[in-house]
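Reading through the structure tokens given below for one structure.
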Amino acid sequence: QVQVVESGGGLVQPGGSLRLSCAASGRDFGTSTMGWYRQAPGKQRELVASSSRNTNYAREGRFAISRDNAKSTLFLQMNDLKPEDTAVYYCNVILTTGSQYWGQGTQVTVSS
């Protein structure tokens, strides 16, 4: 059984930083594609950053994605946070089989 659990969200002031973590279990995730998505109220879920075997992508220079394959853990470092970054952030895992899994999400609120 694959499980995906996010942590690290919270309330932060504009300009602050947060580091989100995603712990995946149940498989070897070294060859999987892992990513972070976010969904703000009334908006569609959107890709924030992704990490595949050879490529990392982040939608903004303020965000950096990294992973520890030995621990099957994905990270998202977010700097200079803005109110528009407020959303529920979800971890996504896509195995080489094509099976896809989501975490339950972690809330990030950027407010003074």
Side-chain angles (χ1 to χ4, degrees):
Q1 181 74 16
V2 174
Q3 289 190 319
V4 180
V5 180
E6 305 96 335
S7 61
L11 174 64
V12 62
Q13 292 187 340
S17 298
L18 277 177
R19 189 190 195 209
L20 305 183
S21 298
C22 169
S25 62
R27 288 287 183 92
D28 178 3
F29 296 95
T31 57
S32 65
T33 296
M34 302 179 75
W36 289 98
Y37 289 73
R38 67 185 181 188
Q39 188 166 20
K43 295 188 177 182
Q44 289 188 329
R45 191 171 296 190
E46 62 181 9
L47 177 66
V48 176
S50 66
S51 173
S52 61
R53 200 169 185 177
N54 300 310
T55 305
N56 284 352
Y57 161 81
R59 65 182 293 126
E60 297 187 39
R62 300 180 290 119
F63 299 162
I65 190 170
S66 61
R67 63 196 287 172
D68 182 341
N69 287 330
K71 297 181 179 180
S72 296
T73 304
L74 184 73
F75 303 99
L76 180 67
Q77 178 67 43
M78 302 188 292
N79 300 321
D80 190 23
L81 283 162
K82 305 177 186 301
E84 51 264 40
D85 295 320
T86 295
V88 178
Y89 284 70
Y90 297 91
C91 181
N92 173 264
V93 177
I94 304 175
L95 303 180
T96 54
T97 60
S99 298
Q100 183 171 196
Y101 301 90
W102 292 92
Q104 81 290 347
T106 185
Q107 176 71 46
V108 172
T109 302
V110 184
S111 175
S112 56

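As the structure is a prediction and not an experimental result, all values here were calculated from the model. The basis for the numbers below is simple: all heavy atoms, side chains too, and nothing from hydrogens, waters or symmetry mates.
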Closest heavy-atom pair and its distance - Ser112, Pro14: N-CD, 3.7 Å
Minimal non-hydrogen separation, Leu81 against Leu18, with atom names: CD1-N, 3.8 Å
Beyond-backbone contact of Val88 with Thr106, side-chain heavy atoms, under 4.5 angstrom: no
Contacts of Glu60 that satisfy salt bridge (Lys or Arg N to Asp or Glu O under 4.0 Å) - sequence neighbours left out: Arg62
Least distance between heavy atoms, Cys91 atom then Glu6 atom: N-OE2, 2.7 Å
Results of ring pair (Phe, Tyr, Trp, His ring centres under 6.0 Å) for Tyr37 - residues two or more places apart only: Trp102
Non-hydrogen atoms of Gly9 and Leu20 that approach each other most closely: N-CD2, 3.6 Å
Ser66 versus Leu74, closest heavy-atom pair with distance: O-CD1, 3.4 Å
same_hphob_cluster(Val2, Ile94) at 4.5 Å side-chain heavy-atom cutoff: no
hydrophobic_cluster_shared for Tyr89 and Val12, side chain cutoff 4.5 Å: yes
For Ser17 against Asn79, the heavy-atom pair lying closest together: OG-OD1, 3.0 Å
Lys82 atom NZ, over 12 foreign heavy atoms within 6.0 Å: yes
With Arg38 via salt bridge (Lys or Arg N to Asp or Glu O under 4.0 Å) - residues at least two apart: Glu46, Asp85
Close side-chain approach of Phe75 to Arg67, heavy-atom, < 4.5 Å: no
Single hit among Cys22, Ser50, Ser51 for side-chain contact (heavy atoms from CB on, under 4.5 Å) with Trp36: Cys22
Thr73-Asp68 side chain donor-acceptor pair, cut-off 3.5 Å: no
Phe29 and its side-chain contact (heavy atoms from CB on, under 4.5 Å) partner, picked from Val4, Thr96, Leu95: Leu95
Geometric cation-pi criterion Arg45 and Tyr90, 6.0 Å radius, 45° cone: yes
Check: Ile65 and Met34 side chains under 4.5 Å, non-hydrogen atoms: no
Backbone of Asn92 reached by a side-chain donor or acceptor of Gln100 within 3.5 Å: no
Side chain proximity check, Glu84 to Thr86, heavy atoms < 4.5 angstrom: no
